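Remarks on the structure that follows.
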Amino acid sequence: MKKIAIAIHGGAGTIAPHLLTTELEKAYLKGLEDALKQGYETLKNNGSATNAVAIAVMCLEDNPLFNAGKGAVFNHIGGHELDAAIMQGIDLKAGAACGVTGIKNPVLLAKAIMEKSEHVMMAGNGAFEFARQNGIVIEDEAYFYTEHRYKQWQDLKDSENFQLDHSEVKSEKKFGTVGAVALDEQGNMAAATSTGGMTNKKFGRIGDSPVIGAGTYANNATCAISCTGHGELFLRSVVAYDISCLMEYKNFTLKQACDLVVYDKLVKIGGEGGLVALDAKGDIEMPFNSEGMYRAKININGDIEVKIYK
Ligand code: ASP
């Protein structure tokens, strides 16, 4: 049997059982499972890892529970600026969109940038124009309105504070960002990440998610990684590429590399969060140094796991 595997995340943070109602917990688990299964179906039908991660992430972007696409957090001026990236391990091709507005599925824009442009990363108005020219679905502002995100922003909008979707404001906990990694029948890996960033963010703030090597990375020689966490610290730690480097240059296993980066290096600089990771053998790691992480996987034996807490 050919090896296929997939892992996804819907954000990491201070997630504890008493903070979620039973209904909300069920909704998160179902959202994760649906996205996971859609990605897995793609792999089962001999689809590429690139398509599988795009489809899984798209599914999470369309779910208002997660901080990406519909459900993205509000920025300082009450709008939505979205970041996404995708990378494929076979040829190290990558695409990323940052600070874009009105894009229903930023991961599809990132994929179009990878496949149809000469560039890796496009931002703001230019990225929007590229989306328009390439038939990427555009939505008006109303599509991105969700009540719970609006309330989060109301709490912060008159302050200089911004809010990571992972941490705590007025005892409420907020989570988000989505990502996926996959291994296809051909032995190719891919990774994708998509986010609305932080509530009340301003001045064109970009996090780690769309930055190749920081929040997203894939290389058939090593691994595929999608991160979620405090973007500034993940950027400074070049998290995804660091894990790949430890495997490539130091012969670390995927687990050893993930453990060192997530539980030691990131902790030392105060970088809260986690990631999903996959290697060419189909081994999956989903480490996080926060209280919880929305996560799910189907391993090479077809075993499924969907989890929130430690
Ligand atoms: N890493 C994302 C960012 O900083 C946030 C997240 O993972 O929720 O934009």
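Both counts, for ligands and for their atoms, begin at 1 and track the order of listing. The structure presented is a predicted model; accordingly, all values stated were derived computationally and were not measured.
Of all atoms in ligand 1, numbered sequentially from 1 with element shown, those under 4.0 Å from a heavy atom of D208 are 1 (N), 2 (C), 3 (C), 4 (O).
In this structure, the side chains of L266 and V239 come closer than 4.5 Å at one or more pairs of heavy atoms.
Comparing heavy-atom distances from atom 7 (O) of ligand 1 across L275, T228, V178, V73 singles out T228 as nearest.
Side-chain N or O atoms of T216 include none that pairs as donor or acceptor with a backbone N or O of I212 at under 3.5 Å. Not a single donor-acceptor pair under 3.5 Å links the side chain of N219 to the backbone N or O of C223. Side-chain atoms of N63 do not come within 3.5 Å of backbone N or O of F66 as any donor-acceptor pair.
A side-chain N or O of T195 and one of T177 form a donor-acceptor pair less than 3.5 Å apart.
Within the 4.0 Å heavy-atom shell around ligand 1 one does not find N67. Taking 4.0 Å as the cut-off, G197 counts as a neighbour of ligand 1 on heavy-atom distance. Remark: distances from the non-hydrogen atoms of G11 to ligand 1 are all 4.0 Å or more. Using a 4.0 Å cutoff on heavy atoms, E232 does not count as a contact of ligand 1.
For ligand 1, one of its N or O atoms has an N or O atom of T177 under 3.5 Å away. The N/O atoms of G207, backbone and side chain alike, include none that comes under 3.5 Å of an N/O atom in ligand 1. The N/O atoms of R205, backbone and side chain alike, include one that comes under 3.5 Å of an N/O atom in ligand 1.
When non-hydrogen atoms are compared, ligand 1 lies under 4.0 Å from the side chain of S209 (C-beta onward) but not from its backbone.
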Pairs of donor and acceptor atoms involving the side chains of residues 140-147, under 3.5 Å and at least two apart or interchain, shall be tabulated with distances.
from : atom 1 : to   : atom 2 : distance (Å)
D140 : OD1    : A142 : N      : 3.4
E141 : OE2    : H80  : ND1    : 2.8
E147 : OE2    : K151 : NZ     : 3.4

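By the 6.0 Å contact criterion, CG on N125 is open, its count of non-hydrogen atoms from other residues, nucleotides or ligands being 12 or less.
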